[in-house]
There are 2 protein chains.
Amino acid sequence: MSPEHDLPNGAEQRQRVTSRDVAAAAGVHQSTVSRVLNGDQRISNNTRKRVEATAEQLGYVPSKRAQNLRTRRSGVVGVMVHDIDNAFYLSLLSDMHRELSAVGYSIVLIVDPLHRRSDISRMRHLFDDSLDGMLITTAMIDSEIPPALRARGMPLVLAVRSMPDLDVDTVESDNVAAGREAARHLVALGHTDIAVAMGPKETSTTRDRLRGVLDVIQTELPPDRVMHGPYRHETGYAMCRRLMMGERPPTAIIAGNDVMAIGVLDSAWRTGLSTPEDLSVLGFDDIPMAAWQAINLTTVRQDSKAIAEQAARRLVDRIDQPDSPPHHDIFPVSLTVRATTGPPRAKHPRN
Amino acid sequence: MSPEHDLPNGAEQRQRVTSRDVAAAAGVHQSTVSRVLNGDQRISNNTRKRVEATAEQLGYVPSKRAQNLRTRRSGVVGVMVHDIDNAFYLSLLSDMHRELSAVGYSIVLIVDPLHRRSDISRMRHLFDDSLDGMLITTAMIDSEIPPALRARGMPLVLAVRSMPDLDVDTVESDNVAAGREAARHLVALGHTDIAVAMGPKETSTTRDRLRGVLDVIQTELPPDRVMHGPYRHETGYAMCRRLMMGERPPTAIIAGNDVMAIGVLDSAWRTGLSTPEDLSVLGFDDIPMAAWQAINLTTVRQDSKAIAEQAARRLVDRIDQPDSPPHHDIFPVSLTVRATTGPPRAKHPRN
DNA sequence: TTGTACGCGTTATCAG
DNA sequence: CTGATAACGCGTACAA
């Protein structure tokens with residue numbers, strides 16, 4: 001970026017109005033102006049009115065930069081998300097924003113690329129003092145950033161995904177229960193050959209949902225029935241292709257989340273399979289799109305709004321009370337049955 | 001939020017390491033530390049090494065807050081978007097983030113609620129000096145914020161939507177051409193009764209696309225064939241319902257954007273209509289979802305990546321050169337024909 | 001009720 | 001090549 005241009009050139013016309021200017025114009029001291037604007041009670045109504053009037057008239061707005069330095073707070077929290085193309089993370093972001101801006105915080109976006117490891121050196125700016133706290137939705141089991149931030153004393157909340165080895169405020173769904181619900185539903189329908197097309201092994205969501213599924217199935221899944229990959233549409237697409245082109249395609253696929261499940265559906269439909277007759281498909285999250293007529297996906301609902309709001313509240317509390325013991329909030333999930341799951345077709349060789 | 005707690009209580013343990021601490025430990029003056037970390041050339045290799053070593057060892061990170069005050073720059077730009085549930089705005093945000101963070105800027109999210117007017121008093125924080133610039137994607141023809149920001153000398157770029165009365169950097173698609181492409185396609189297929197289910201009247205996108213459509217149709221559309229509403233899925237859904245339940249349903253609907261078009265499709269399919277036999281549907285943007293098998297929407301593509309990147313570059317330039325003349329970039333669009341448009345069914349009364 | 005004085009942690013200018 | 005010193009614009013204890 002350009003260095004500071006030396007003094008009175010073009011750009012300098014728009015000098016800011018400072019509290020000193022207001023003070024001079026109102027015939028009081030700068031500190032009085034400061035007091036008035038901070039609602040100090042012991043200011044006479046008279047001067048308060050006068051100061052407020054001249055401030056208004058001069059169009060004075062206090063310098064956030066100076067306030068930040070002085071108060072050692074910035075009123076800004078970072079929210080770490082992945083490359084954003086998942087409706088779940090979007091509404092999460094939006095809900096967090098509503099909750100945080102209501103209490104005076106702004107949000108800066110920290111994008112943790114889904115594909116490549118976010119090394120700590122590229123994230124130096126998280127360690128300057130520009131943020132009052134961080135909300136992290138992209139934690140992996142072995143992420144380096146969260147422990148590093150914690151060691152630095154940065155107020156921190158993990159949302160959606162947890163880290164077993166890190167004792168910080170965490171807000172997530174009961175993903176083991178989610179996995180169980182999913183598997184129970186399919187087993188109850190009569191499926192015996194279920195494949196799982198999950199997200200990355202290193203995430204707590206994947207690990208927990210998978211554990212829930214295995215709890216119910218009660219038997220190890222053969223290796224070709226368990227796949228892992230990024231939480232993306234195209235991952236689901238590719239996994240479904242691989243599974244259904246194989247020797248003995250499964251009768252049901254549990255996808256890592258709705259976006260992947262829709263990728264699975266997209267692939268299935270494109271190759272002429274119909275759901276649920278040829279294949280049952282089930283996701284997690286219940287993003288709005290899952291309810292659309294054209295998709296109509298059976299899924300295990302996760303309450304993203306509750307998670308977002310609770311995580312935001314926990315962060316605000318943590319900033320105010322850095323030393324209180326961490327909380328771990330777990331929200332319930334619920335199965336929503338729609339049109340992509342049904343009994344498997346009676347057994348006979350497909351031609 | 002909590003006031004500053006008086007001194008040496010709990011939270012104060014984690015005092016920041018300052019350049020003074022480093023200076024003391026390295027046996028130099030604080031200003032030397034500053035010079036080393038800013039890569040000043042006239043520092044002896046000897047002391048440079050020593051200072052860098054002790055800085056590293058003490059875990060020193062320069063205070064952004066102090067830098068901001070001193071340099072009068074924050075390295076933060078605001079990006080104004082609507083309540084985020086449109087994939088188009090999401091990828092826009094993500095692309096802008098990539099481009100801006102590459103040159104050292106952070107992004108703070110400003111959410112302009114889609115439903116209620118964002119009055120200027122609720123947006124006071126845009127006028128403190130915490131932002132180096134603003135990228136606005138939510139401009140309406142009569143928005144108050146952009147002119148107010150401009151009057152204050154805030155570097156400003158309008159992306160996606162323009163404001164005819166405001167002479168600032170603007171980056172948008174050729175929406176008139178987009179409207180023409182849409183109408184030409186349907187007319188060529190033989191449609192003569194086309195309805196438009198557009199976005200808000202007060203947006204340049206709506207206004208321009210509608211103008212393009214009328215250019216081609218060459219006749220005024222009857223009032224019941226033109227509808228306006230927020231750019232949302234449910235708006236498209238409701239409009240389709242109203243249109244198709246009426247006396248003489250149209251044979252084609254041009255929707256304001258893809259999200260609305262998908263709402264239209266959702267409604268049509270839910271009531272048993274099939275596309276394109278009973279109804280042709282066409283959108284704008286070409287969001288990724290439009291290409292999914294389950295949707296397969298004919299749409300006029302808008303190059304959101306190019307717009308995002310160009311807008312980001314323009315803003316960076318504007319911040320560096322506040323007084324250069326504004327640019328107006330217009331990107332071409334292109335029709336993508338998929339499965340939701342076709343010839344109208346031969347005329348006979350529906351039963 | 002208000003003015004005085006100082007410091008938040010840097011960057012930048014001026015000496016030496 | 002490096003040290004001393006002055007801002008940047010505010011909040012706040014202390015004095016009056």
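This structure is a prediction, so every number in the text was calculated from the model and none was measured. Each chain gets a letter, A, B and so on, in the order its sequence line appears, and its residues count up from 1. The figures here come from the full heavy-atom set of this structure, side chains too, leaving out hydrogens, waters and symmetry mates.
The salt bridge (Lys or Arg N to Asp or Glu O under 4.0 Å) contacts involving residues 37-47 of chain A comprise A:D40-A:R42, where partners must be two or more places apart or lie in separate chains.
For the residue pair A:R313 and A:Q310, a side-chain donor N or O sits within less than 3.5 Å of a side-chain acceptor on the partner. Between B:D129 and A:S63, the side chains place a donor N or O and an acceptor N or O closer than 3.5 Å (distance only, hydrogens not considered). Looking at A:D128 and A:S130, their side chains do bring a donor and an acceptor atom within 3.5 Å of each other.
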Please list, for nucleotides 7-9 of chain C, all pairs of protein and nucleotide N/O atoms separated by less than 3.5 Å.
unit_1	atom_1	unit_2	atom_2	d
C:dG7	N2	A:R70	NH1	2.8
C:dG9	OP1	A:R72	NH2	3.3

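Using modelled atom types, no side-chain atom of B:R73 and backbone atom of B:D132 make a donor-acceptor pair closer than 3.5 Å. Side chain of B:R16 to backbone of B:V61: a donor-acceptor contact under 3.5 angstrom is found.
Protein atom CZ of B:R50 is 11 Å distant from nucleotide atom C1' of D:dT2, rounded to whole Å.
Residues from residues 22-44 of chain B lying near DNA chain C, meaning a heavy-atom separation below 4.0 Å, are B:Q30, B:S31, B:S34, B:R35, B:N38 in numerical order.
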Mind running side-chain hydrogen bond (donor to acceptor under 3.5 Å, both in side chains) on A:S94 and A:S91 for me, showing each step along the way?
-> CA-CA 5 Å; A:S94 182; A:S91 44; over 6 Å; no
Just do the side-chain contact (heavy atoms from CB on, under 4.5 Å) check on B:E52 and B:L37 with the steps written out, would you?
-> CA-CA 8 Å; B:E52 278 170 347; B:L37 272 92; 6.0 Å; no
